[in-house]
Amino acid sequence: MHCLLLLGIGTISFAYADLLVDLPDGTILGREIKSGVYSYYAYRGIPYATPPLGNFRFQAPIPNKPWEGTLEATEHRSCCIAMTIFTELTKQSEDCLFLNVYTPARKITEKLPVMFWIHGGGFKAGCGNDDLYDPYALTNEDVIVITINYRLGIFGFLSTEDNVILGNAGLKDQLLAMKWTQKNIEFFGGDPKKVTIFGESAGGMSVGAHIVSEKSSGLYRAAICQSGCSLTKTSFTSQSNPRKAAYEIARAIDLMISEHNTTIEIRDFFLNQSANVLTEAFNVNSESGPVIEVEHKDAYMSQLSYDLVKRGNINRVPLIIGTTSEESVTVLRMIPGILALFSLGYDMNPRIIIPPNLKPKPGTNLDLLASKIKSVYAGNGTFLGNTSTFIEYASDTLFMRSTIKQVELQSKYTPVYFYEFSYFGAVSHGIVEGVGKVGHGEDVYYLFNTTGHELTTRGEFLIRRKMARLWTNFAKTLNPTPNPADSLLKVRWPRVSRLNMPYLDIGEAIQVKYGKKKKEMAMWNEVYYVYGQQPFDGF
Ligand SMILES: *[C@@H]1O[C@H](CO)[C@@H](O)[C@H](O)[C@H]1NC(C)=O
Ligand SMILES: *[C@@H]1O[C@H](CO)[C@@H](O)[C@H](O)[C@H]1NC(C)=O
Ligand SMILES: *[C@@H]1O[C@H](CO)[C@@H](O)[C@H](O)[C@H]1NC(C)=O
Ligand SMILES: *[C@@H]1O[C@H](CO)[C@@H](O)[C@H](O)[C@H]1NC(C)=O
Ligand SMILES: *[C@@H]1O[C@H](CO)[C@@H](O)[C@H](O)[C@H]1NC(C)=O
């Protein structure tokens with residue numbers, strides 16, 4: 001209200017005028033944010049879709065409607081309802097399809113590259129807000145950053161595997177936000193032809209989904225997958241049986257529901273429940289994530305990813321892809337005793353080491369197959385008592401194997417820059433015995449300033465500057481190290497070639513290395529190609 005009045009009498013300052021942006025749908029007002037000695041302009045909580053409420057629940061999103069007057073985009077709006085991980089920080093609602101735009105704190109006259117961030121959280125948690133993703137290190141390198149909310153858990157990924165509840169609503173939200181970016185970002189000074197999509201964990205897997213979905217074609221010109229990409233399918237970020245899960249969730253609310261009920265009855269039943277009841281019931285199901293939709297013209301994803309990447313049937317844009325040096329330690333150090341428990345479990349039931357998505361050929365000797373996998377990590381010994389071997393196995397099987405496979409397959413078609421993040425900072429919260437120390441998610445604390453994970457040491461802040469430089473160089477020029485004379489980076493990061501697979505080790509020193517996981521990948525290749533049944537979904 002206040003600002004409208006000011007506008008009316010024409011007394012606003014220039015800085016204030018810079019914060020007003022006229023979009024095709026209406027005018028918005030942002031604000032300047034101070035982050036330490038840095039600052040940027042923030043336009044928070046911009047609606048990009050009609051609220052997905054009532055009968056729109058579970059459906060693909062519909063573009064937002066224009067508004068009258070000036071929309072104050074100075075504070076965040078609600079995060080999407082999720083599991084409880086971040087609840088203390090955020091207000092959650094089903095009405096959550098908002099995005100945030102961050103620009104350098106000045107009047108922008110040239111067209112800046114745009115970095116479009118998709119947050120992680122296992123497709124069931126997380127939010128795009130700047131208490132988690134303060135982008136100052138990126139805007140300080142003169143790019144525009146967009147962060148988004150997309151529907152999570154039951155609201156974003158429920159599917160009855162028919163045309164009643166199609167699934168992938170959360171990915172379709174991301175897609176709509178990417179279309180919003182094409183239509184609107186020039187009014188903030190951004191270049192719609194220079195959009196890089198990037199994300200971590202489920203966000204990286206989302207980027208991977210946009211790489212293989214033709215629906216995302218032309219909406220970006222570069223991609224960055226951090227700890228998850230097209231071929232990463234963990235048991236908690238993909239769905240083994242979405243339709244069965246939908247029925248189980250319904251039964252968690254009403255015991256009378258059975259497989260005799262139709263999917264239309266199930267949908268109508270869900271439409272009549274409160275968001276809280278649904279969220280609670282969803283907890284019976286640990287799985288959430290992308291599904292293969294029945295064939296229809298708006299299907300976001302109707303084919304398995306592996307063959308698409310192998311045949312180069314993808315959006316052929318340059319890719320940065322990598323993992324942290326020991327992905328699994330994040331989980332294993334969170335819960336005391338869990339490491340020993342897992343190690344013992346795998347020692348006692350050796351066959352659980354066989355990846356669920358492998359689908360071994362009939363007649364395969366499963367015990368032999370299991371020992372083939374285990375022996376690469378633990379020799380003839382046990383995991384229990386030699387836990388670093390279990391940690392390495394778990395890191396490989398969750399994120400590393402699929403990442404290296406994507407590097408190998410996709411580099412035949414597009415430039416691919418492969419990295420490993422191994423910088424062990426004070427923000428790492430101690431270690432458990434392991435090979436590479438640096439766990440899942442730690443790379444994100446360097447790109448973004450995250451409440452509760454603030455950097456403190458000089459070394460950490462230096463890594464933040466270097467990472468921001470590499471990532472924004474890529475957004476600007478499609479090459480993370482275009483200038484060999486750059487005194488901050490002092491490195492040239494070569495792309496993967498037919499002959500070898502270099503990777504950039506982002507650690508205490510930033511240097512190029514070769515031969516990542518040779519022995520382990522030789523084993524996994526044999527396991528998948530000799531014993532597995534195609535078509536694969538992930539790897
Ligand atoms: C980072 O975030 C913290 C709060 O979480 C804030 O105190 C600090 O100013 C922010 N910016 C920088 C550059 O550290
Ligand atoms: C499920 O099917 C039963 C038997 O046809 C019916 O009585 C019940 O109303 C159905 N439940 C819902 C939620 O539609
Ligand atoms: C469910 O349906 C009943 C009967 O039509 C209605 O009274 C109730 O408000 C509905 N609840 C929700 C959460 O939509
Ligand atoms: C495991 O034991 C078998 C039989 O004792 C031996 O042939 C094999 O080399 C051992 N493997 C490793 C990795 O130590
Ligand atoms: C742990 O396993 C590795 C790999 O097989 C082996 O080389 C090492 O000797 C083992 N360490 C212990 C303490 O058993």
Side-chain angles (χ1 to χ4, degrees), residues 31-42 44 54-55 57-58 74-76 79 85-91 100 102-106 115 117 119 126-143 145 147 154 158 160 162 164-165 243-275 277-278 280-282 284 423 425-429 441-469 471-472 488:
R31 67 187 275 198
E32 182 166 354
I33 304 278
K34 299 262 181 242
S35 178
V37 300
Y38 304 92
S39 60
Y40 50 83
Y41 289 172
R44 293 162 156 170
N55 287 341
R57 188 184 266 173
F58 310 132
T74 52
E75 299 302 331
H76 287 301
C79 297
I85 300 181
F86 296 123
T87 34
E88 65 283 6
L89 294 175
T90 57
K91 197 167 102 242
N100 314 295
Y102 303 98
T103 75
R106 60 180 172 78
M115 299 190 73
W117 173 252
H119 71 73
C127 185
N129 289 356
D130 53 50
D131 46 3
L132 295 169
Y133 301 110
D134 167 356
Y136 83 83
L138 299 169
T139 52
N140 196 46
E141 295 280 340
D142 258 0
V143 299
V145 176
T147 64
I154 189 168
L158 189 74
T160 48
D162 55 12
V164 176
I165 301 176
R243 190 184 146 98
K244 181 156 162 273
Y247 277 80
E248 274 168 15
I249 296 164
R251 250 196 308 279
I253 305 170
D254 178 354
L255 273 174
M256 300 301 285
I257 286 173
S258 73
E259 64 274 21
H260 300 301
N261 287 97
T262 63
T263 54
I264 291 179
E265 284 174 327
I266 298 291
R267 179 196 60 198
D268 292 346
F269 174 75
F270 281 142
L271 289 180
N272 190 239
Q273 306 298 319
S274 74
V277 166
L278 290 182
E280 188 97 338
F282 181 74
V284 300
Y423 184 80
V427 76
S428 292
H429 300 310
E442 290 181 32
D443 50 332
V444 179
Y445 307 146
Y446 295 85
L447 280 177
F448 294 99
N449 182 29
T450 306
T451 302
H453 302 279
E454 289 86 359
L455 306 186
T456 49
T457 67
R458 252 195 87 222
E460 287 174 318
F461 281 107
L462 190 58
I463 289 290
R464 171 173 286 166
R465 283 187 56 212
K466 291 180 179 180
M467 255 190 116
R469 178 70 55 83
W471 263 228
T472 55
L488 176 65

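The figures that follow rest on heavy atoms only: side chains count, while hydrogens, waters and symmetry mates do not. It should be emphasised that the depicted structure is a prediction, and the values quoted were computed from it without experimental measurement. Position 1 is the first residue of the sequence; numbering continues from there. Atoms within each ligand, like the ligands themselves, are counted from 1 in listed order.
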Original post:
Aromatic rings Y40 and Y102: how do their planes relate, parallel, tilted or perpendicular, breaks at 30° and 60°?
Top reply: perpendicular
Original post:
Taking Q273 for the side chain and L271 for the main chain, is one N or O donor matched with an acceptor at less than 3.5 Å?
Top reply: no
Original post:
Considering only the protein, which heavy-atom contact is closest to atom 9 (O) of ligand 1, and what is its distance?
Top reply: G36 N, 3.1 Å
Subject >> Which residue and heavy atom of the protein sit nearest atom 13 (C) of ligand 2, plus the separation >> reply: F269 CD1, 3.7 Å
**OP:** Going by heavy-atom distance to atom 14 (O) of ligand 2, choose the closest among M256, H260, E265.
**Re:** E265
Subject >> Lys/Arg-Asp/Glu bridge criterion (N-O < 4.0 Å) met for D142, R106 >> reply: yes
Original post:
Would you say atom 5 (O) of ligand 2 touches the protein, meaning some protein heavy atom is under 4.0 Å from it?
Top reply: no
Original post:
When you measure from atom 1 (C) of ligand 1 to every protein heavy atom, which one gives the shortest distance, and what is it?
Top reply: N449 ND2, 1.5 Å
Original post:
For ligand 1, which part of K34 has a heavy atom less than 4.0 Å away: the side chain, the backbone, both, or neither?
Top reply: neither
Original post:
Has the side chain of R243 got a donor or acceptor atom that lies under 3.5 Å from a matching backbone atom of T263?
Top reply: no
Original post:
When only distance counts, is E454 in polar contact with ligand 1, meaning an N/O pair under 3.5 Å?
Top reply: yes
Original post:
After noting the C-alpha distance and the side-chain angles of K244 and E248, does the key distance pass the salt bridge (Lys or Arg N to Asp or Glu O under 4.0 Å) rule?
Top reply: CA-CA 6 Å; K244 181 156 162 273; E248 274 168 15; 3.6 Å; yes
**OP:** Before signing off on this row, confirm whether Y38 and ligand 1 have an N or O atom pair separated by under 3.5 Å.
**Re:** no
Subject >> R465 with E141: basic N within carboxylate O range, under 4.0 Å >> reply: no
Original post:
Judged by atom type as modelled, is there a donor-acceptor pair below 3.5 Å linking the side chain of R464 to the main-chain atoms of Y445?
Top reply: yes
Original post:
Less than 3.5 Å between some nitrogen or oxygen of N261 and one of ligand 2, yes or no?
Top reply: yes
**OP:** For atom 11 (N) of ligand 2, state whether the nearest protein heavy atom is under 4.0 Å away.
**Re:** yes
